[in-house]
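Here the structure is laid out as structure tokens; the discussion comes afterwards.
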Amino acid sequence: MSMKINGNYSDFRANYAEQLKTEQSLKRVERAEETDMVQKAIASDKIPVPSDEYTSSEKSGVKPSGMYQLGQNEDGSLKIVFDDPKKSEEKCVGNTDKVDREIKKLKEKQQWLEQQIQTAAGDEQKVRELERKLAQVETGLRQKDNDTYRRQNSSFSR
């Protein structure tokens, strides 16, 4: 089955381009008219212009919900502190003893492996195996011996 389509489509693109241009010009005219109407309405005071005005909490009768102030954190850097009047002060204590024990064990294992490598200097296969284990321990130390890991794995109590 075949179909034959009759028609001349050579000027299709030109008509489409003209159509787009006319639509765009109509939109520009509409926007300009809207802008003129808004400006006239503002000039005639029909539409109030929004403005900000400070109202103290005493005049408004509303109690303040809290207070923001500039403070310092544990590192000494500046931070914004919010004093919530509804919340009582709460103190937490962070404990990094578990992480410190992990790191200490890894460092001891690193020293032990270094000593084993020095004593097994004649046996090539044993030295390679010990160096492989030493590389794993050093990788673990690099991952765990930093402040980020300590913070993430600390335990907090009230």
Point-to-point distance, once rounded to the nearest 0.5 Å, from CD of Glu138 to CG of Leu113: 9.0 Å

Candidate pair Glu102 and Tyr149, rule side-chain contact (heavy atoms from CB on, under 4.5 Å), full reasoning: CA-CA 11 Å; Glu102 277 182 62; Tyr149 184 81; 3.2 Å; yes

Stepwise side-chain contact (heavy atoms from CB on, under 4.5 Å) test for Val137 and Lys133: CA-CA 6 Å; Val137 169; Lys133 289 180 182 180; 5.5 Å; no

Sequence neighbours excluded, every pair satisfying salt bridge (Lys or Arg N to Asp or Glu O under 4.0 Å) that has a member inside residues 103-116: Lys107-Asp145

Side-chain heavy atoms of Phe156 within contact of Val93, under 4.5 Å: no

Heavy-atom side-chain proximity of Lys126 to Leu130 below 4.5 angstrom: yes

Which atom of Ile117 lies closest to which atom of Glu131, heavy atoms considered: CD1-CG, 3.7 Å

Gln125, CD atom: more than 12 neighbouring heavy atoms under 6.0 Å: no

Partners meeting salt bridge (Lys or Arg N to Asp or Glu O under 4.0 Å) with Lys98 (sequence neighbours left out): none

From Leu106 atom CG to Lys144 atom NZ, the distance as rounded to the nearest 0.5 Å: 5.5 Å

Backbone N/O of Ser77 and side chain of Asp75: donor-acceptor pair under 3.5 Å: no

Heavy-atom side-chain proximity of Lys91 to Arg158 below 4.5 angstrom: no

Salt-bridge contact Arg132-Glu129 (side-chain N to carboxylate O under 4.0 Å): yes

Glu74, CD atom: more than 12 neighbouring heavy atoms under 6.0 Å: no

Heavy-atom check, side chain of Arg150 versus side chain of Asp100, under 4.5 Å: yes

Minimum heavy-atom distance between Ser154 and Thr96, given as atom pair plus value: OG-CG2, 3.1 Å

Exceeds 12 heavy-atom contacts within 6.0 angstrom, atom CD1 of Ile80: no

Pairwise side-chain contact, Thr119 with Gln115, heavy-atom cut-off 4.5 Å (strictly under): no

Closest contact, heavy atoms only, Leu78 versus Gln72: CD2-CG, 4.1 Å

